[in-house]
**Student:** 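Dropping a structure here in structure tokens format, bear with me for questions.
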Amino acid sequence: MILEILGFAALAHLGADFLEQFDWLPSKPFKCNLCSGFWYSIGPFIALYGWSGILVAAITGVVSEAIYKILQ
């Protein structure tokens, strides 16, 4: 589970970083690491872990934001 959280957090960071270049996209949920981490992972984690997948997706968003703060 830890590797899944780290993987989705890294994917969300890369996705938000890529979408940063498009001015016509709204800032949230597309360019925000916390939002992207949550929304990219909510579906797969609910499918894998049931309703507790919402908590895992929230943790993924926080980890994605931490990755952003560390790399900034």
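Heavy atoms only: backbone and side chains are in, while hydrogens, waters and symmetry mates are out.
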**Student:** When the side chains of residues 10-25 are checked against the rest of the protein, which donor-acceptor pairs come out under 3.5 Å, sequence neighbours left out?
**Tutor:**
residue: H13; atom: ND1; partner: N33; partner atom: OD1; Å: 3.2
residue: Q21; atom: NE2; partner: F18; partner atom: O; Å: 3.2

**Student:** Does atom CG of L71 have more than 12 heavy-atom neighbours, drawn from other residues, nucleotides or ligands, at distances under 6.0 Å?
**Tutor:**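 Counting neighbours around CG of L71, more than 12 heavy atoms of other residues, nucleotides or ligands fall under 6.0 Å, so yes.
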**Student:** Please report the shortest heavy-atom distance between F45 and F8, naming the atom on each side.
**Tutor:**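 Result for this residue pair: CZ-CD1, 3.6 Å.
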**Student:** Within this structure, what is the CG-CD1 distance for the pair L6 and I59, rounded to the nearest 0.5 Å?
**Tutor:**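 Answer rounded to 0.5 Å: 11.5 Å.
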**Student:** Let me confirm one number: the OG-NZ distance from S36 to K28, rounded to the nearest 0.5 Å.
**Tutor:**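 Between atom OG of S36 and atom NZ of K28 there are 10.5 Å.
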**Student:** What about Y49 and I5, same hydrophobic cluster or not, with Ile/Leu/Val/Met/Phe/Trp/Tyr joined at side-chain heavy-atom distances under 4.5 Å?
**Tutor:**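 Both belong to a single hydrophobic cluster.
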**Student:** Looking at L34 and V62, what are the two nearest heavy atoms and their distance?
**Tutor:**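 That would be CD1-N, 3.6 Å.
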**Student:** So do C35 and F30 actually touch side chain to side chain, heavy atoms under 4.5 Å?
**Tutor:**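 They are not in contact (no side-chain heavy atoms under 4.5 Å apart), so the answer is no.
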**Student:** Would a single hydrophobic cluster contain both I67 and M1, if residues Ile, Leu, Val, Met, Phe, Trp and Tyr are joined by side-chain heavy-atom contacts under 4.5 Å?
**Tutor:**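 M1 and I67: one cluster.
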**Student:** In the structure I gave you, are the side-chain heavy atoms of L48 and E4 within less than 4.5 Å of one another anywhere?
**Tutor:**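 SC-SC contact between L48 and E4 confirmed.
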**Student:** How about OH on Y68, more than 12 heavy atoms from neighbouring residues, nucleotides or ligands closer than 6.0 Å, or not?
**Tutor:**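 For Y68, atom OH is not crowded (no more than 12 foreign heavy atoms under 6.0 Å).
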**Student:** Check V63 against A9 and note the closest heavy-atom contact, atom names and distance.
**Tutor:**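 Shortest heavy-atom contact: CG1-CB, 3.6 Å.
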**Student:** May I ask you to decide if T60's main-chain N or O and S64's side chain share a donor-acceptor pair within less than 3.5 Å?
**Tutor:**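 Between the backbone of T60 and the side chain of S64 there is no qualifying donor-acceptor contact (under 3.5 Å).
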**Student:** Is W51 close to I54 at the side-chain level, that is, under 4.5 Å between some pair of heavy atoms?
**Tutor:**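 With C-beta onward as the side chain, the pair touches.
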